[in-house]
Structures are given as C-alpha cells and as structure tokens.
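A short write-up of the structure that comes next.
Remember, it's 1-based here, ligands and their atoms both numbered in the order they're listed.
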Amino acid sequence: MMKILVIGSGGREHSLVWKLAQSREVTKVYAALGNGGISETAECFNINPADFKALIDLVRRERIDLTVVGPELPLVEGIVDEFEKNGLRIFGPHREAAQLEGSKVFCKELLQKYKIPTADGEVFSDMEDAKNFLGKCKFPRVVKADGLAAGKGVMICKTEEEGCEAVEKIMGRKIFGEAGERIIIEEFLKGEEASFLIFTDGEEIVPLLSSQDHKAIYDGDKGPNTGGMGAYSPAPVVDAQVRERIMREIIHPVVRAMRKEGKRYCGVLYAGLMITEDGLKVLEFNVRFGDPETQAILPLLKTDLIIPLNACIDGKLGEVRLDWSEGASSVCVVLASQGYPGKYEKGKEISGLEKVSQDEGIYIFHAGTLKKDAAFTTNGGRVLGVTGVGNSIQKAIDNAYEAVRKIHFDGVYYRKDIGFRALDRGDGS
Ligand code: AMP
Ligand code: GLY
C-alpha cells in the first residue's frame, strides 16, 4: 500500500492524480501545490515545487512512499538527486539526464554525436558571430535559447532582420536570463508534428500511445503559441510503420546514447517530432509528461499507472506491458480565460461542471481553478481540460465538445477544431 505525492498544479498533474488514485495499491494521494480539481482527490499543500527542502519535510512527515514530478523545472534543478540523497523514492530523471530538456545545446550536441536525426543547427555563445551567421542563412530559420524559457524560447524567424532581432532579445537584452547565454540557430522543418512518450528504466523501453498537441491559440493553428490548447491520442500520422521507425531511429538510440554518456535516463521521456518528407526529425525532448497530451493519453490507459512508474525506478520495465482501450480515441479541449496567452482576469465562477461530471467517456481535468466551499473559480490562463473518449476521433471530438458547451465562465475561450489534423487524414468515422 502506498501514499503518493504529485508535484505540480496543472491539468497534467490533475490527470496523474486522477489515474494514480484509482490504483489498488494507492491509499492516499497528496499534491503540491495542486489546484481546485486536484483538491477533490488529493490533500494539497501550499509548497513551491522548487522548494526541495519543504517537499522532503512533507514526504518525511506524512510517510509518503513515492513522489511523481509533473513539471520540468524541479527535474532540471535536481529534485531526483536530492530526494535520493535523502533516501526517498521518486519517479523521474536525475539532474544530468534532465539536461535533455534543460539544455537545448546539450540535446543538439548529443543528437549530432550519435547521428540521431534532427534539424541541422549551429551553437553560438557570441552575439556577433550569431548575427554574422544569419547573414549567410536561408530563411525561415529557427532561433532557440539554450535553457528553460517557459515554452517561449523558440523563435521562428522569416527574415534576417527577424533573426537578428531574436538574437538581440535572447543574447543582448537577455529576456530569458542565463537561459540565453547560448543559442542554437537551426533549419526550419516542414511537416507534421507528433508527440511520442515512452517509459524507460534506462535500458528497457515501453511506449505510450502517440499524440499530437495544438499549441497555437486560434483555430487552424494560427496566432501566438500557448502552453497547449488541446491534444488528441492516438495520432493517425503515427501509423505502425512510423511508430516502428520512431523506436528504431530515435527512441532506442537516444536511450542508448544517454547510457553511453554515463547519464542513464530513468523516467518518462517525451520526444517532440517533426515528420518531414525527408524522414523523422527530433524537435525537442521533454523529460516529463506532456501537457495537455497526458490528459488525452491517460484516459485510454487500462493498466494501473503505478506499475510502470515503479518498474522504471526498480529497473524492471522489461516485465511491464501496457494495456490500452482497444480502438478508442481521445480528445482533450482546453478551456482558457479570455485574453490568454496575454493578460487575463481570474476569479470567474465556473458553472455546469455538475452537468458533465457523470457523463460516460468524459473526463474533466482542472488546470487553473480554485475551489471555495462547493464552487470552482478560474485561477489561471488555462482553466480546464475536457477530455472526450470515443470509438473514433470524430466521436471523441463530438463527445468532448458536447461537454465543453455545457460548461461556462465569464470570457471562456476554446478552440473549435481540436483534432482537425486527424480528421484531415480521413480517420474520422
Ligand atoms: P521546441 O520547444 O524546440 O519543441 O519548439 C517549440 C515549437 O516550435 C515546436 O513544437 C515546433 O512547433 C516549433 N519548432 C521548433 N523547432 C522547429 C524547427 N526546426 N522547424 C520548425 N518548427 C520548429
Ligand atoms: N505539449 C507540450 C509540452 O508538454 O511541452
């Protein structure tokens, strides 16, 4: 019997809490910080995910058996190393392995060294060198800050002028601080993106279902990028053949490469891929579950989530097989506050949740919400993720939007076209 702590406060963490609470082995779930929805299932503590000491104190005091980390920042800052030093059990990669997400330069150099396909790119630590290089480039080009930048460190530049402006912002004005001491300038890739997540204990690999997220704020993937306006799973673009190639050309080589480098990777690894005419290319790795991909993937997972998590930590992943709802698809639509990803107001009352909470094939995951007495109010840019499951992408979409239309708060905004790429592929009936 286990007590579990989930670190984080978004929709991804709500879906992790929801799934872990169903485990027969789990007696109690805790969260730090949690949110309104999470507080219905887990006991929430107001501890910042960066405050390792306070988290360790909590785990000791409550005799928590396992900690699961949602966001990347604590992983990149070494929370796993710190917990293990204190003899505490935690799921996720060590600090050195988390560099795969924490440093785009580390990631690019590893991919180049081991000939794992990725966009051609050059690393710069001098602003003038970077600008001179841009003078010789074809456009569009992509400029990326090395370190963590809350999802804003990637700039797609259509002209040399835009490229120099991006370099100036990152290296001159240092808008991302130290994260911009080095940059990568890389070729712009055309194709369809997919998210491919796996569990690994450093050696064995167990893939999750494929997925695709929708980062842009407006329908048709237009407008500025957000933390993610929706996701669906599985992604039809990842057919059996593509999946086999992802495993052979990317996943196995990177897990092997990390081992060879003495940075054995244990945890969930998220590969952001571009499927181009020229083959598969890695866009990025994340060292954690995706948000909102996880809110689409987990409702399809039949296996108890605690099983792969424990097996990764114990180096026994070879014994694990994941079972998925056969033939089912899932779509998560994010409901956001008016103005997001720019300025928005908080504190709006949310209504209609009770109308959908019992609906079959509907799962509501809270992101930015607060619970006060029996009512929920908005407390962030992304407020809720509404996941619909069905026996086709079209049915999943219909289910999700039927539920979405019953939920309301002042200024509610959501995309109307989540899943459109899957439908365009003709997999919609
Ligand atoms: P990243 O954080 O590196 O995944 O970048 C965020 C987003 O920027 C990706 O999901 C892509 O949509 C886009 N992106 C990043 N690198 C490239 C590239 N080389 N070519 C085209 N789009 C890119
Ligand atoms: N869905 C993108 C991410 O989790 O980074």
Original post:
Looking only at heavy atoms of Lys215, does any of them come nearer than 4.0 Å to an atom of ligand 1?
Top reply: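 Right, Lys215 reaches ligand 1.
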**OP:** Could you establish whether Lys281 and ligand 1 come within less than 4.0 Å of each other, counting only heavy atoms on the residue side?
**Re:**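 Outside the 4.0 Å threshold, so no.
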Subject >> Min N/O separation Lys215 to ligand 2 under 3.5 Å >> reply: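 Not met; the criterion fails.
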Original post:
Does Glu293, backbone or side chain, put an N or O under 3.5 Å from an N or O of ligand 2?
Top reply: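 Right, the criterion is met.
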Original post:
Is there a side-chain contact (heavy atoms from CB on, under 4.5 Å) between Tyr340 and Ile217 once you walk through the steps?
Top reply: CA-CA 8 Å; Tyr340 175 78; Ile217 184 77; 4.1 Å; yes
Subject >> Glu186: numbered ligand 1 atoms lying under 4.0 Å from its heavy atoms >> reply: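 Reading through ligand 1 atom by atom, the close ones are 16 (N), 17 (C), 18 (C), 19 (N).
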Subject >> Per-atom contacts, ligand 1 versus Phe188 - under 4.0 Å to a heavy atom >> reply: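 Listed by number with element, the hits are 20 (N), 21 (C).
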Name the closest protein heavy atom to [atom], giving the residue it belongs to and the distance to 0.1 Å.
atom                    : result
atom 23 (C) of ligand 1 : Leu283 CD2, 3.8 Å
atom 11 (C) of ligand 1 : Glu193 OE2, 3.1 Å
atom 6 (C) of ligand 1  : Val154 CG2, 4.0 Å
atom 5 (O) of ligand 2  : Arg288 NH2, 2.8 Å
atom 4 (O) of ligand 1  : Glu284 CD, 2.7 Å

Subject >> Glu261, CD: over 12 other non-hydrogen atoms inside 6.0 angstrom >> reply: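 Yes, because the 6.0 Å sphere around CD of Glu261 holds more than 12 heavy atoms from other groups.
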Could you list the donor-acceptor pairs under 3.5 angstrom formed by side chains in residues 95-102, with sequence neighbours left out?
{"unit_1": "Glu101", "atom_1": "OE1", "unit_2": "Val287", "atom_2": "N", "d": "2.7"}
{"unit_1": "Glu101", "atom_1": "OE2", "unit_2": "Arg288", "atom_2": "NE", "d": "3.3"}
{"unit_1": "Glu101", "atom_1": "OE2", "unit_2": "Arg288", "atom_2": "NH2", "d": "3.4"}

Original post:
Is a side-chain donor or acceptor of Ser15 paired with a backbone partner of Arg12 at a separation under 3.5 angstrom?
Top reply: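 Flag set: sc Ser15 to bb Arg12 pair under 3.5 Å.
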Are [X] and [Y] linked by a side-chain donor-acceptor pair shorter than 3.5 Å?
X      : Y      : result
Glu40  : His366 : no
Asn379 : Thr369 : no
Asp398 : Gln394 : yes

Original post:
Applying a 4.0 Å heavy-atom criterion (strictly less than), which segment of Leu189 is in contact with ligand 1: side chain, backbone, both, or neither?
Top reply: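 The part of Leu189 near ligand 1 is both the backbone and the side chain.
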Original post:
Between Val142 and ligand 1, which residue portion shows a heavy-atom distance shorter than 4.0 Å: side chain, backbone, both, or neither?
Top reply: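 It is the side chain that gets close, since no backbone atom is under 4.0 Å.
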Subject >> Closest candidate by heavy atom, reference atom 13 (C) of ligand 1, pool Ile185, Asn225, Ile156, Asp213 >> reply: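 Of the listed residues, Ile156 has the closest heavy atom.
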Subject >> Option with minimal heavy-atom separation from atom 16 (N) of ligand 1, where the choices are Glu101, Lys144, Lys104 >> reply: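 Comparing heavy atoms across Glu101, Lys144, Lys104, the nearest one to atom 16 (N) of ligand 1 lies in Lys144.
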**OP:** Can you spot which of Glu193, Glu293, Glu192 makes a side-chain hydrogen bond (donor to acceptor under 3.5 Å, both in side chains) with Gln212?
**Re:**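 Answer to the side-chain hydrogen bond (donor to acceptor under 3.5 Å, both in side chains) test with Gln212 among Glu193, Glu293, Glu192: Glu192.
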**OP:** Pull out every atom of ligand 2 sitting under 4.0 Å from any heavy atom of Gly290, numbered as shown with elements.
**Re:**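 In order of numbering, the contacting atoms are 4 (O).
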Original post:
Which ligand 2 atoms, with their elements, are less than 4.0 angstrom from a heavy-atom of Asp213?
Top reply: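 So the atoms of ligand 2 that pass are 1 (N), 2 (C).
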**OP:** Determine, using ring centers only, whether Phe289 and Tyr270 are less than 6.0 Å apart.
**Re:**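 When the ring centroids of Tyr270 and Phe289 are compared, they turn out to be at least 6.0 Å apart.
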Subject >> Heavy-atom protein contact below 4.0 Å for atom 9 (C) of ligand 1 >> reply: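 It does; a protein heavy atom is within 4.0 Å.
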Identify all side-chain donor-acceptor contacts of residues 183-191 below 3.5 Å with residues at least two apart in sequence or on another chain.
{"unit_1": "Glu186", "atom_1": "OE1", "unit_2": "Lys108", "atom_2": "NZ", "d": "2.7"}
{"unit_1": "Glu186", "atom_1": "OE2", "unit_2": "Lys144", "atom_2": "NZ", "d": "3.0"}
{"unit_1": "Glu187", "atom_1": "OE2", "unit_2": "Asp120", "atom_2": "N", "d": "2.8"}

Original post:
Could you walk me through whether Phe420 and His214 pass the side-chain contact (heavy atoms from CB on, under 4.5 Å) check?
Top reply: CA-CA 10 Å; Phe420 79 92; His214 296 62; 4.1 Å; yes
